[in-house]
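Structure record follows, encoded as structure tokens.
Reckoned from all heavy atoms, side chains included, excluding hydrogens, waters and symmetry mates. Reminder, nothing fancy here: chain letters follow the sequence lines and each chain counts from 1.
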Amino acid sequence: MSSNNDNQPHSLPEEEILKQRMDKLSRLREEEGYDPFIVQKWDKQHDLRYVMENFAHLEEDSGDESAEIVTAGRVMTIRKHGKAMFVTLADEYEQLQLYFQFNAMGEENYNFVKKWVDTGDIIGIKGHPFRTRRGELTLFVKECKLLSKAMRPLPEKWHGLKDVEIRYRQRYVDTIANPDVRDVFRKRTKIIQTFRKVLDDHGSLEVETPILSVLAGGANARPFETYHNALGLEMYMRIATELYLKRLIVGMFGRVYEIGKNFRNEGIDLMHNPEFTAMEVYWAYANYEDMMDLVEEILVACADAVGERKVNYQGIELDFNPPFRRATMVDLVREYSDFDFDQIETDEEARKIAREAGLELKGHESRFLILTEMFEEFVEDKLIQPTFVLGYPTEISPLSKRDPENPDFTNRFECFINGCEIANAFSELNDPMDQRERFEDQLKKRELGDEEAHAFDEDFINALEYGLPPTGGLGMGIDRIVMFLTNSRSIRDVILFPAMKPKA
RNA sequence: GAGCCGUUAGCUCAGUCGGCAGAGCACCGGACUUUUAAUCCGGGUGUCGUGGGUUCGACCCCCACACGGCUCACCA
């Protein structure tokens, strides 16, 4: 109480609960000579899914005493009835009711469970399945061993755990309380496995390239900075795997891919986490059109792997059935804004139109940059169904091969779903002289204050000078694809431990 | 980085005009041999996010800060 003025530190209620459970543990050790934290192993022979699936046929008020089930899990709820008890046991995939009976399991074991087992505890069980009068498949327990003890209480059994702050910070509590969350992450794994399977089946070699390097290239983004003590070196966390993977194509690997984390020092919102998982793949002798086919193949395979090709995403139906729509940026801008960039010849003209359209300009924008901004302003968020956007200006595509028909544009596409970019691909620029000019152009942008302009990578040009075959390359954001295929509103719902500020 | 909203028991949430801080579940003690949000009897476990201010008196009003959420900005 606040009137308590002694110098003893006030014991918080949470500490009370811990102390209470600690006292109980001490009494367990003293009175029973049993320490649940010393148990090494339990020969779990059946999971609860096995029991659910194999004894579904049992009729009410009957059991299969010949079936010896040895299982284990976490105690979720306990209903005590004196000389009988019902417990809801949960394991990774299922929940199953347990029935403890004084007569059946013997006084000693029964009283031990009744006295010492709490919700949250981990127990090992031997018994046989039966179905209760009320129709619930249940395990009739012959033997129960306390395998580990919970010192903290479980979240409330009816409302579960909703507080997103606790859910993200203490994901282990979230996945105890909300089994559906476990399922989202199983699907995430399934999707990544599907990526690997499709890419492997196409003869691509999975490789690993550096996360730490002295130069973070391959994308427009601000990197995280770090420091190597022994080398006395400023280093960066990678923002893309692109330049290393293309070096490998130069080095005569025909098809390579990497799935891993990229790190970008930017804001956090529903679609962005500072570290995110990307897949990049490069195929020698292929072009960006092959990459479009590959995107379709991967997405369809992922959709099939975790459900249907038509998925409900936050009330919108997304249809992953190929072929996806293909349209150029110029066409889409014309479609959604009535501005026709095929008819615009000069930068001045483009700026005039942009101002009429309500865009804020600095005054030096090229017509290509304005096209891009008009696309972002008027088109992007309207591309709900999977759509390939082609015809990206060369100016904003410093690593893409030019379109031979129109060198101001590149053989590049991005794929959008629900207004959100999930893939970026192009025929890779392999002309080292052109690449040098593109990097120099980026350097100018950087000098003009664009902190996200590409870094100049001399060694990458050196690699190109050895000869890069015509190559198709593709990058895909895996977190976002997982979001769409698991109906998750926030990227944090598909990342086990999303970035959070320290609480205290 | 900006704006808006939120923060009350382990969990889910009420709360008042500024006048002793509430419920359900969980938890603790007891009863109960087919319950399932078990039931019955008894127990409230709290620095009302943190720090200031106003006031006789603050969970409530004011200011600052922290963390979270949403909307922007930046981006994939």
Taking any heavy-atom pair under 4.0 Å as a contact, classify [X]: base, sugar-phosphate, or nothing.
{"X": "A/Ile422", "value": "nothing"}
{"X": "A/Asp450", "value": "nothing"}
{"X": "A/Glu452", "value": "sugar-phosphate"}
{"X": "A/Gly475", "value": "nothing"}

| Got a second to check how far A/Lys114's NZ is from A/Phe100's CZ, nearest 0.5 Å? |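 Those atoms lie 13.0 Å apart.
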Can you check the [X] [atom1] to [N] [atom2] distance for me, whole Å?
{"X": "A/Asp381", "N": "B/C72", "atom1": "CG", "atom2": "P", "result": "10 Å"}
{"X": "A/Arg27", "N": "B/C28", "atom1": "CZ", "atom2": "C1'", "result": "10 Å"}
{"X": "A/Asp23", "N": "B/C27", "atom1": "CG", "atom2": "P", "result": "17 Å"}
{"X": "A/Asn220", "N": "B/C74", "atom1": "CG", "atom2": "C1'", "result": "12 Å"}

| Using a distance-only test with no angle check, is there a side-chain donor-acceptor pair under 3.5 angstrom linking A/Asn262 and A/Glu275? |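 Their side chains do not contain a donor-acceptor pair, so the 3.5 Å distance test is not met.
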| said: For A/Glu94 and A/Tyr50, which I'm curious about, is there any donor-acceptor pair between the side chains at under 3.5 Å? | reply: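 Side-chain D/A pair, A/Glu94 to A/Tyr50: absent.
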| message | Using only modelled atom types and a 3.5 angstrom limit, is any donor from either the side chain of A/Asp163 or the base of B/C11 paired with an acceptor on the other? | response |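 Absent.
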| request: Taking the side chain as every heavy atom from C-beta outward, state whether A/Lys149 and A/Asp118 have any atom pair closer than 4.5 Å. | output: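 Yes, at least one pair of side-chain atoms sits under 4.5 Å.
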Every protein N/O lying under 3.5 Å from an N/O of nucleotides 24-26 of chain B:
| residue | atom | partner | partner atom | Å |
| --- | --- | --- | --- | --- |
| B/C25 | O2' | A/Glu156 | OE2 | 3.2 |
| B/A26 | OP1 | A/Lys157 | NZ | 2.9 |

| message | Is the phosphate of B/G68 approached by A/Arg169 (side-chain N or O, under 4.0 Å from OP1 or OP2)? | response |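 The answer is yes; a side-chain N or O of A/Arg169 sits under 4.0 Å from OP1 or OP2.
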Out of [options], which nucleotide sits closest to the side chain of [X]?
{"X": "A/Asp118", "options": "B/U12, B/C28, B/U71", "answer": "B/C28"}
{"X": "A/Val164", "options": "B/U71, B/C28, B/G69", "answer": "B/G69"}
{"X": "A/Arg489", "options": "B/A76, B/C11, B/U71", "answer": "B/U71"}

Check nucleotides 33-36 of chain B against the protein and report each pair of N or O atoms closer than 3.5 Å, with its distance, or say if there are none.
| residue | atom | partner | partner atom | Å |
| --- | --- | --- | --- | --- |
| B/U33 | OP2 | A/Lys83 | N | 3.1 |
| B/U33 | O2 | A/Gln101 | NE2 | 3.0 |
| B/U33 | N3 | A/Asn103 | ND2 | 3.1 |
| B/U33 | O4 | A/Asn103 | OD1 | 2.5 |
| B/U33 | O4 | A/Asn103 | ND2 | 2.6 |
| B/U34 | O2' | A/Arg133 | NH1 | 3.1 |
| B/U34 | O2 | A/Arg133 | N | 3.3 |
| B/U35 | OP2 | A/Arg134 | NE | 3.1 |
| B/U35 | OP2 | A/Arg134 | NH2 | 3.4 |
| B/U35 | O2' | A/His81 | NE2 | 3.4 |
| B/U35 | O2 | A/Arg79 | NE | 2.8 |
| B/U35 | O2 | A/Arg79 | NH2 | 3.2 |
| B/U35 | O2 | A/Gln97 | OE1 | 3.3 |
| B/U35 | N3 | A/Gln97 | OE1 | 2.9 |
| B/U35 | N3 | A/Gln97 | NE2 | 2.9 |
| B/U35 | O4 | A/Gln97 | NE2 | 2.6 |
| B/U35 | O4 | A/Thr132 | OG1 | 3.0 |
| B/U36 | OP2 | A/Arg134 | NH1 | 3.4 |
| B/U36 | O4' | A/Arg79 | NE | 3.3 |
| B/U36 | O2 | A/Gln97 | OE1 | 3.2 |
| B/U36 | O2 | A/Glu136 | OE1 | 2.6 |
| B/U36 | N3 | A/Glu136 | OE1 | 2.7 |

| message | Distance check, P atoms only: B/G24 and B/C40, in whole angstrom units. | response |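 Rounded to whole Å, the distance is 11 Å.
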| message | With side-chain hydrogen bond (donor to acceptor under 3.5 Å, both in side chains) as the criterion, how do A/Thr241 and A/Glu258 come out once you've worked through the C-alpha distance, each side chain's angles and the decisive distance to 0.1 Å? | response | CA-CA 8 Å; A/Thr241 47; A/Glu258 179 161 8; 4.7 Å; no
